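None of the values given here were measured: they were computed from a predicted structure. Atoms within a ligand are numbered from 1 in the order they appear, just like the ligands themselves.
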Amino acid sequence: MLTNVVIVGGGTSGWMSASYLKAAFGDRLSVTVLESKRIKTIGVGEATFSTVRHFFDYLGLPEHVWMPKCNATYKLGIRFENWHRKGSYFYHPFERLRVVDGFPLTDWWLHRKPGNSERFDQDVFLMSAICDAERSPRYMDGTLFEQDFKEQTDPKDRKPERSTLTEQDTQFPYAYQFDASLLADYLCAYSTERGVRHIEDDVVEVARDDRGWIGHLRTREHGEVTADLFIDCTGFKGLLLNEALEEPVISFQDTLPNDRAVALRVPVDMEKRGLRPCTTATAQDAGWIWTIPLFGRIGTGYVYASDYTTPEEAERTLREFVGPDAKDVEANHIRMRIGRSRNAWVNNCVAVGLSSGFVEPLESTGIFFIQQGIEQLVKHFPGADWNPQLRDSYNRAIGNTIDGVREFLVMHYRGAGRNDNQYWKDAKTRALPDGLAERLDMWRSKLPTTETIFPNYHGFEPYSYHSMLLGLGGVDLKAPPALALMDDSAAQAEFKLLRAQSQELAKRLPSQYEYLAQMH
Ligand SMILES: Cc1cc2nc3c(=O)[nH]c(=O)nc-3n(C[C@H](O)[C@H](O)[C@H](O)COP(=O)(O)OP(=O)(O)OC[C@H]3O[C@@H](n4cnc5c(N)ncnc54)[C@H](O)[C@@H]3O)c2cc1C
Ligand SMILES: N[C@H](Cc1c[nH]c2cc(Cl)ccc12)C(=O)O
């Protein structure tokens, strides 16, 4: 059996990997994290999927324990502003669609909008009104608001089951937003308390043996470091996988041109400003700005294409967007490597995190990729025979997940109603990943189903495609002809019920600030 793993990198992926492997294998596996104190982590990466709760459950960490330590808040979805047209917005929530007479409410909405509404998301999702009212998804006693996800009465007593992403069968109604550096620190303490060895040093050479595998790492102050398995968490540089083992990177730049970002960490007065329970993605002239409310500050940044604007202009745009609170805050300019390693696992090296692959954070997928990478590594963990079937199956799973998310993001640009400048006009004519043109043709006639979205696991379900296609407004969508032959009174009644339920919840739930303040 393999018993010794060395992780290079102490960012979110390094410490998520270390803590998860320790939780999985206990003392039967020796885990070391080797991280440079000279080379900074990327310093961003704060919004997540709802399924990240499986990661914390696997570590036995209930939210009331880790959230206050990471200035975490709830994320009920993403609010997309100015993507259809300037001044418009809609939500992409963590909420499956109700079905009436065999058709999702989105089909019924295309057939006949209730009261000629223009906000499909308010008519088909409970979450929209809750987000608009900046409510918490939990009542002050911790009870989760009514959803199809049932929890035991007191979440503090809930026994977390150790499930993984691909076993997700219910839709949990929220995700988290947290300070990535505080999370890495928290997981570092969690890991080292459980026996993970932590070396603060630089890898100065990756030595390969005569098979071309990694023989050892040479460090600046701790000599040679050996392992059975090396995990490359060195970020975009891919020190072990891409540089030392020369595994190529497949670029997505031809379909996703945003290759830069500029980020700010802005302290805010939450009591005065409120605490919106969602991430906001605001379309701009050459990309989009993220706003992630944390407890005590916001994380914000402009993701843009260097072919359409400059770092200086992007920073100016971001500071103007944030306003006076951004004064004296230092900007973090980032070059993004958009694409993925051809294989995440080569010989005795597995890349997790940015070194494995990355697409712009429009749907908060970076940490989801890390979680998928680690979960699949445990499921495919190699034996002493290094069975290539395990490695190949792992590489297929990771490649499919990243490719599926890439396609979903390209759809955001192809489907956006905006065409008011060259950046948005080019988004309509740019190359598409294989298969997306055909799928878009299908969706124009029939909204996405499990059979017609990207065929392999990539984290998104049909309702996410519905939410984006109806919200973005740039793709002509049709209701199924069958609905013209059916009585739609049950659907109209469901619209009425949902609207009443969402307004009642928006009234009864506490504000997010009120709920989280009691945790601190
Ligand atoms: C602009 C932007 C916004 C993002 N927003 C989100 C988001 O909202 N949600 C989300 O899920 N993801 C997001 N991401 C992705 C997220 O930031 C990353 O997935 C996450 O931070 C993981 O980064 P990492 O640990 O792989 O790399 P890094 O954070 O870059 O860490 C690399 C580590 O390797 C170490 N290292 C490098 N070279 C050496 C060496 N020679 N010797 C020793 N150590 C070395 C460094 O010291 C560092 O500790 C975003 C990414 C970007 C660029
Ligand atoms: N696996 C899903 C992915 C998902 C569903 N809805 C959203 C909304 C946003 Cl903003 C990001 C991801 C998803 C989950 O996490 O529930």
Side-chain angles (χ1 to χ4, degrees), residues 7-17 33-54 75-80 91-96 127 165-166 168 170-178 180-181 183-184 199-206 217 219-220 232-240 243 258-263 278-279 281 290 292 299 301-304 332-338 351-371 373 405 408 457-461 463-465 467-468:
I7 298 166
V8 183
T12 309
S13 63
W15 288 111
M16 281 182 71
S17 300
V33 171
L34 202 176
E35 68 165 319
S36 162
K37 272 303 161 204
R38 194 175 49 82
I39 303 168
K40 291 201 303 187
T41 61
I42 196 87
V44 284
E46 299 170 331
T48 64
F49 270 28
S50 77
T51 38
V52 80
R53 61 196 300 282
H54 299 317
K75 171 191 172 186
L76 303 179
I78 294 183
R79 175 186 167 117
F80 285 88
Y91 292 102
H92 172 204
F94 297 99
E95 183 176 347
R96 285 178 178 156
M127 279 325 179
L165 286 166
T166 44
Q168 157 111 336
T170 53
Q171 179 54 63
F172 195 72
Y174 65 75
Y176 301 103
Q177 297 161 142
F178 46 64
S181 314
L183 178 73
I199 301 175
E200 292 187 283
D201 200 349
D202 285 41
V203 170
V204 294
E205 185 199 352
V206 180
L217 308 174
T219 65
R220 198 181 300 281
D232 184 343
C233 294
T234 60
F236 285 131
K237 91 164 58 142
L239 180 73
L240 280 64
E243 288 188 10
N258 294 343
D259 56 349
R260 295 281 190 283
V262 51
C278 64
T279 295
W290 80 81
I292 297 177
Y302 185 2
V303 171
Y304 64 93
N332 173 12
H333 283 269
I334 298 164
R335 286 172 175 270
M336 304 188 295
R337 186 182 87 172
I338 306 298
V352 174
L354 298 176
S355 49
S356 166
F358 176 71
V359 291
E360 61 184 84
L362 188 54
E363 289 282 1
S364 319
T365 45
I367 292 168
F368 161 66
F369 287 160
I370 295 171
Q371 186 177 349
V405 169
F408 185 55
Y457 176 78
H458 59 294
F460 291 98
E461 301 177 24
Y463 81 81
S464 290
Y465 287 75
S467 180
M468 295 317 299

Do T234 side-chain atoms and K237 backbone N/O form a donor-acceptor pair below 3.5 Å?
-> no
F368 to ligand 1: N or O pair under 3.5 Å?
-> no
Using distance alone, decide if ligand 1 has a nitrogen or oxygen within less than 3.5 Å of any nitrogen or oxygen in G10.
-> yes
Output for ligand 2, non-hydrogen cut-off under 4.0 Å, lists F49, S50, T51, K75, G77, I78, H92, P93, F94, Q168, Q171, E363, G459, F460, Y463, S464
Report yes if I39 has an N/O atom closer than 3.5 Å to an N/O atom of ligand 1; otherwise report no.
-> yes
Please identify which atoms of ligand 1 are closer than 4.0 Å to at least one heavy atom of I370.
-> 19 (O), 22 (C)
State which residues pass ring pair (Phe, Tyr, Trp, His ring centres under 6.0 Å) with F49; sequence neighbours excluded, sorted by chain then number.
-> F368, F460
Those atoms of ligand 1 less than 4.0 Å from some heavy atom in D201 = 43 (C)
Atom 35 (C) of ligand 1 - nearest protein heavy atom and its distance | G9 CA, 3.7 Å
Side chain to side chain, F408 and M468, heavy atoms closer than 4.5 Å = yes
Kindly state whether the ring of F172 and the ring of Y174 have centres lying under 6.0 angstrom apart.
-> yes
Does ligand 1 have an atom under 4.0 Å from some heavy atom of T219?
-> no
Do F369 and F358 have ring centres separated by under 6.0 Å?
-> no
For Y457, which residues count as a ring pair (Phe, Tyr, Trp, His ring centres under 6.0 Å) partner, sequence neighbours excluded?
-> none
Does any N or O atom in V303 lie less than 3.5 angstrom from one in ligand 1, N or O only?
-> no
Of all the heavy atoms in F358, does at least one lie under 4.0 Å from an atom in ligand 1?
-> yes
Examine the proximity of ligand 1 to W290 and report which part, side chain or backbone, both or neither, has a heavy atom under 4.0 Å away.
-> side chain
Does any N or O atom in T48 lie less than 3.5 angstrom from one in ligand 1, N or O only?
-> no
Hey, is ligand 1 close enough to A47 that some N/O pair sits below 3.5 Å?
-> yes
Taking the side chain as every heavy atom from C-beta outward, state whether K75 and S364 have any pair of such atoms under 4.5 Å apart.
-> yes
Sidechain-backbone polar pair: T219 side chain, D201 backbone, donor-acceptor under 3.5 Å | no
Answer yes or no: does an N/O atom from L239 fall short of 3.5 Å to an N/O atom of ligand 1?
-> no
Please name the residue in the list Q171, R96, E95 that meets the side chain to side chain donor-acceptor pair (under 3.5 Å) test with Y463.
-> Q171
So, is P361 polar-close to ligand 1, with some N/O to N/O distance under 3.5 Å?
-> no
May I ask you to check if ligand 1 and S36 share an N or O to N or O distance below 3.5 Å?
-> yes
Got a donor-acceptor contact below 3.5 angstrom from the D232 side chain to the L240 backbone?
-> yes
Tell me, please: is S364 in heavy-atom contact with ligand 1, that is, under 4.0 Å?
-> yes
Nearest protein heavy atom to atom 30 (O) of ligand 1, by residue and atom, and its distance?
-> I42 N, 3.5 Å
Is the shortest distance from a heavy atom of C233 to ligand 1 less than 4.0 Å?
-> yes
Test of proximity, I367 against ligand 1: N or O pairs below 3.5 Å = yes
L183 meets the side-chain contact (heavy atoms from CB on, under 4.5 Å) criterion, sequence neighbours left out, with T12, F56, C70, F178, L187
K237 to ligand 1, any heavy atom closer than 4.0 Å = yes
